[in-house]
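Throughout, protein chains are lettered first and strands after them, A, B, ... in sequence-line order, and every chain is numbered starting at 1.
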Number of protein chains: 2
Amino acid sequence: MPRKSSAADAPLRLDNQICFAVYSAAHAFNRVYKPLLDRLGLTYPQYLVMLVLWERDDVPVKDIGERLFLDSGTLTPLLKRLEAAHLVKRTRSSEDERQVLIALTAQGHALKEKARSVPQSILAASHCTVPELVAMKDEIVALRDRLNAVIGE
Amino acid sequence: MPRKSSAADAPLRLDNQICFAVYSAAHAFNRVYKPLLDRLGLTYPQYLVMLVLWERDDVPVKDIGERLFLDSGTLTPLLKRLEAAHLVKRTRSSEDERQVLIALTAQGHALKEKARSVPQSILAASHCTVPELVAMKDEIVALRDRLNAVIGE
DNA sequence: GCACATTCAATTGCGAACAATTAAATGTGA
DNA sequence: TCACATTTAATTGTTCGCAATTGAATGTGC
């Protein structure tokens, strides 16, 4: 017996899922970023870590993780790759030997200048105005924060 | 010389990146889905594939890939895991031997009933109304489609 | 009919992402 | 002080996600 589409199935239809909209948009962003970041020698998650470090240097792994919602299982190998690329240095904190502090190298600082053109390219690809993007961003962040609040409960 | 924060750095600040909003929201969704999908024995990408198949059965891998924006490098092993879990069957098409058709097993069909409670739980976790979520979804899909259009150019 | 291009899935290799565990350093209470 | 909990990275194992390649099947232009 062939199942016919029913109103009861609407909640399970792919195109009704906001999670899939977000999931597929994240992948679309990644694909747009790829050629831009290739020129910097970075992957997208590595770019995010560099954004954090360009704001503030010499921070423990944990701080980066809290900022990006990532744990050491993701960050440790990623940071080792950035170190291998001579963009960061990893040193144990002398005050607290548990912490590993991540500092930019000269190359890491210098890369910031090459990265300045990236946001502009993304803006162009989005075909949106800045106020539109800011409004969307704020909505998405608000949703994300509500979801993260549910996880902790 | 300590770098001080400047207006010129605004485009590179993490909190100004819509891509990071989307990226981190996708991960937040994943974490909310995880306990719900664990009960179904599915990962989130596997759940997406099942959503596609619950809409229409007996489709080639390529169709699933176009629907989810995923390629065979991702789907082939994922579908093999779904087959190992007795949720789908993979058979070469007789009309076109290049295609592999994915069909739901009885268990695969049955899982749909257990999945019906998932969207309701996600809605609750979002603390949004349905119209709000629909509006956000439509905006995000529109942005995604514009980004994907740029890639193909 | 035959060389050639195209399509489709599978494979390989690398980089995330995360759960779960481990180990070392630090903090706390009796 | 000393047993115990907590914090912090690192590690291991599984699953995505994608680029690049392979190989088989199909389509095409002459």
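Taking 4.0 angstrom as the limit, A:Tyr44 places none of its side-chain polar atoms (N or O) nearer than this to OP1 or OP2 of C:dG15. An OP1 or OP2 oxygen of D:dC16 is reached within less than 4.0 angstrom by no side-chain nitrogen or oxygen of A:Tyr23. In this structure, B:Lys34 does not reach the D:dC16 phosphate: none of its side-chain N or O atoms is under 4.0 Å from OP1 or OP2. OP1 and OP2 of C:dA9 both lie 4.0 Å or more from every side-chain N or O belonging to B:Gln99. Between A:Arg31 and D:dG17 there is no side-chain N or O to OP1 or OP2 distance below 4.0 Å. Residue A:Lys80 places at least one side-chain N or O closer than 4.0 Å to OP1 or OP2 of D:dT11.
Put simply, the side chain of A:Ile102 reaches to within 4.5 Å of the side chain of A:Leu53, judged on heavy atoms.
Using a 4.0 Å heavy-atom cutoff across all strands shown, A:Leu75 reaches no nucleic acid atom at all. Within the nucleic acid shown, A:Pro77 has no heavy atom closer than 4.0 Å to any nucleic acid atom.
Side-chain atoms of A:Thr76 lie closest to D:dT11 of the nucleotides D:dC16, D:dT11, D:dC18.
Residue order along DNA chain C, read from the 5' end via each residue's closest nucleotide, puts A:Thr43 first among A:Arg98 and A:Thr43. Residue whose closest nucleotide on DNA chain C sits further toward the 5' end, between B:Glu66 and A:Gly73: B:Glu66.
Ring-plane geometry between A:Tyr33 and A:Tyr47 is classed as tilted, the angle between the planes lying from 30 to 60 degrees on a 0 to 90 degree scale.
A salt bridge links B:Arg116 with A:Asp9: the closest approach of a Lys/Arg side-chain nitrogen to an acidic carboxylate oxygen falls below 4.0 angstrom. Comment: B:Glu83 engages B:Arg90 in a salt bridge, judged by a side-chain N to carboxylate O separation of less than 4.0 angstrom.
Remark: the A:Thr74 side chain and the C:dA16 base include no donor-acceptor N/O pair separated by less than 3.5 Å.
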